[in-house]
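Below is one structure, written out as structure tokens; the observations come after it.
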Amino acid sequence: MIKLRVTRPSPRARPFIGALFVAVLGGAMASPAMAQTPPAAAPSVAQPPLAQPPIAQPPAVQLSTTMQISWEVRNRFRLFREERDFKLQVDSLSGRNILAAEQALATQSDGRGWARNTLGRLCIDAAGRVSEPCTRDGVKESYLTPVDHPVTVRLAGEVPVGAVCAWTFEDGDPPRQSTLDCAEPINLRVRYGRATPVTVDVSSGSDAPQRVTTQIAVRDIFIAGLGDSIASGEGNPDRPVTLSDEGFCFRSYLGGPAGMYFRPGRAGFKGARACDTSDGMSLQNWQRAGAQWFNPACHRSLYSYQTRMAIALAAQNPQIAVTYLPLACTGATIDEGMFGSQRARECVVGKNGLTCQGTVNAQISELREALTAATRRQPDRGLDLILLSIGANDIDFSGLVADVIVERQTERALSRRTGVLSSVDQARSTLQRELPQDFSKLRQALKPLVGGDLARVIYTSYANPSLVNGAPCPGGRAGFDIHPSFNADPQRLADVTNFVQSEFLPQIKRLAQCSGGVLCGDRTRDRMTFVDQHQEAFANHGFCARAETDPPFDRECFSANGESFSNDIVNAANNPLVCGAAASDFRAYAPRARWVRDANDSYFTAMTYPQAQKAPTNQPGDIHDATWGVLSAVYGGAIHPTAEGHAAMADAALPAAMSVLGLGLAENPVTSEPIAPTVPLQR
């Protein structure tokens, strides 16, 4: 930080300086090129020459037309405590869209993921509480209601070599002043809520001084992220689980030695690996060795499309700051999650043990409380955008997934009895009856939070997770052989795929846009901004997509015929993978053809031991229990987008956000028709 020398102008000089300040924006600094180009800020304006006082005439000051003042906000994604984390994102986005940036970061991290290092350096704790104040780059700031922002100011354009700049920042009495080489930038904090006029007098040799003026006005954009597992980033922990290369025993429902099977365990687990031994501390030790999220109770991840879009918005627009409040929660429905509390997914693992919330507060209540606290300190502080994805859990999409992949009749009977399985007919009934009513309630609750205009709610639709080359995935055990009872039934898979494509996605669009017979009170202000351009790309990247460019581990160890794991319980105890490779060689964030995690991916990435299902009776008895294997796949991230999938969704949502915020019109429309329904397989 450059220290500014404060001097007080003479009484005669003050009117001369003050008359030169004009409310115009300085030219923006060069920023990383991305999918959309932000509008250029108004250039610094040269003022007409002023008459010089007759007494002690100073040298004439020429007004430059070849130099401009440029400025940008530093570390402007305010969830990040440290600027190095934001710079990593800015550098990765240079000349790339969000998807290409994610792929570049994945390669840079050798597939281990960039977020693992950022985790723990956020202005929000693991319980989801905003840090007030939050110490960012050594300075305490109010997170929800900033009073100032850090900026860097430079002189740009045709600056003479060796020129000296005399800077004046009119943000107090006396103004802040500093004189230094024009090649040097100035770092300072400017007040939020009003403009800071800036003047620089440029001196170079015997030439007459030149003057450039502008003003700095930071726009702080307040964004809330709401919704379900797609919104939270389920399946993509900030720090993926590290697997042991040895086997860990699970019991299947069949019982006896024949019902035991081995899969890679969690590295660092200190407890019994064998099925016939256990102890009371196994669960806690198991949890300590698990994947890590910046919010375990809701499986909130920095890889979620909402977070990635907010980061990119900040990276692309140098003269704004983004205050982002993530509230989305895996498993949320409109009733339980948006309006009411829901069960937490996992405990917070701390140095002194486990902290289990049990339940998570309703997202709308949390948002209202945050807004109330913000407006108490800053009456004009309001919400600029809401990012939203909701509705899949309302129709019990996880139950549809379970119905597709759970094959053995014993497991199907038990899963049906405990409510784990659902059917297309049940989902269709909810889609046609309950969901429209619940969505109407949600619309009315969100409307006052965005000033009465729901166009400021950006609803990003789901993608069909089971398409490749525009047709349903063929089914089978490939990608699902992590559990003995799994086998994606081709016909049930085709039925669900076509229900999602021809019924669920179109109905979600009608609900968000007040179209197709959906009744809204004021269609001009009740229509949400709807995003679905990513659906076409996902049609080639479903969970069954494979390519020669996939990671070597995937190609060699995840068998196309569903025979990835050893069936010999003696050999599998030490070498569970048929390929003979170490399970720790799997790279959760390596680029791959599929943008949707299959059950194997889910296990190798997150290996969730869910602590909250729809009914407490579903809780497994111990970590070797057969129920765990089913639930870990259904609730642990299978059939959810990968980090690449989330990046593609963020690329689709970014132009819509830019347009709504007035930061630049999108080159492409922010809505599109869903791709054509797929043709069901013949029975």
Query raised in the report: Between Arg308 and Ala643, is there a donor-acceptor pair closer than 3.5 Å when you use the side chain of the first and the backbone of the second?
Result: no
Query raised in the report: Are any side-chain N or O atoms of Gln378 and backbone N or O atoms of Pro146, one a donor and one an acceptor, separated by less than 3.5 Å?
Result: yes
Side-chain donor-acceptor pair present, [X], [Y], cut-off under 3.5 Å:
X: Ser142; Y: Glu132; value: yes
X: Thr330; Y: Glu234; value: yes
X: Ser466; Y: Thr497; value: yes

Query raised in the report: Using 30° and 60° as the class limits, which term best fits the ring planes of Phe558 and Phe586: parallel, tilted or perpendicular?
Result: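 Rings of Phe558 and Phe586: tilted, as their planes differ by 30° to 60°.
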[X]: partners by side-chain hydrogen bond (donor to acceptor under 3.5 Å, both in side chains), with sequence neighbours left out:
X: Asn236; result: Arg597
X: Thr307; result: Ser304, Tyr324
X: Arg376; result: none
X: Asp148; result: Arg189

Query raised in the report: Considering the options Phe397, Phe538, Phe504, Tyr305, which one meets the ring pair (Phe, Tyr, Trp, His ring centres under 6.0 Å) requirement together with Tyr462?
Result: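 Running ring pair (Phe, Tyr, Trp, His ring centres under 6.0 Å) over Phe397, Phe538, Phe504, Tyr305 with Tyr462 returns exactly one hit, Phe504.
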Output all residues satisfying side chain to side chain contact (heavy atoms under 4.5 Å, CB included) with [X], sequence neighbours left out; order by chain, then residue number.
X: Leu367; value: Ala224, Leu226, Leu325, Leu327, Leu371, Leu383, Ile386, Leu449
X: Pro133; value: Lys140
X: His541; value: Trp595

Query - Qualifying salt bridge (Lys or Arg N to Asp or Glu O under 4.0 Å) pairs with a residue from residues 109-123, counting only residues at least two apart or across chains - result: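 Found Glu82-Arg121, Asp85-Arg121, Asp110-Arg112, Asp110-Arg587.
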**Report entry** side chain to side chain donor-acceptor pair (under 3.5 Å) pairs, two or more places apart, involving residues 331-341
**Finding:** none
Requested in this report: Decide, yes or no, whether a salt bridge links Arg594 with Asp601 under the criterion of side-chain N to carboxylate O below 4.0 Å.
Outcome: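 Looking at Asp601 together with Arg594, the answer is yes, because their closest N to O distance falls below 4.0 Å.
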Report task. Could you tell me which residues satisfy ring-ring contact (aromatic ring centres under 6.0 Å, His included) with Phe294, sequence neighbours excluded, listed by chain and number? Result ->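 In terms of ring-ring contact (aromatic ring centres under 6.0 Å, His included), with neighbours along the sequence ignored, Phe294 is linked to no residue.
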Query raised in the report: Only one of Ile230, Asp532, Ile98, Val531 clears side chain to side chain contact (heavy atoms under 4.5 Å, CB included) with Met649; which?
Result: Ile230
Query raised in the report: Which residues satisfy the salt bridge (Lys or Arg N to Asp or Glu O under 4.0 Å) test with Asp380, sequence neighbours excluded?
Result: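 Once residues adjacent in sequence are excluded, Asp380 has no partner under the salt bridge (Lys or Arg N to Asp or Glu O under 4.0 Å) criterion.
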Query raised in the report: Any disulfide (SG to SG under 2.5 Å) pairs touching residues 85-144, not counting sequence neighbours?
Result: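 Only Cys123-Cys134 qualify under disulfide (SG to SG under 2.5 Å).
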Query - Tyr459 vs Gln513 side-chain heavy atoms within contact, under 4.5 Å - result: no
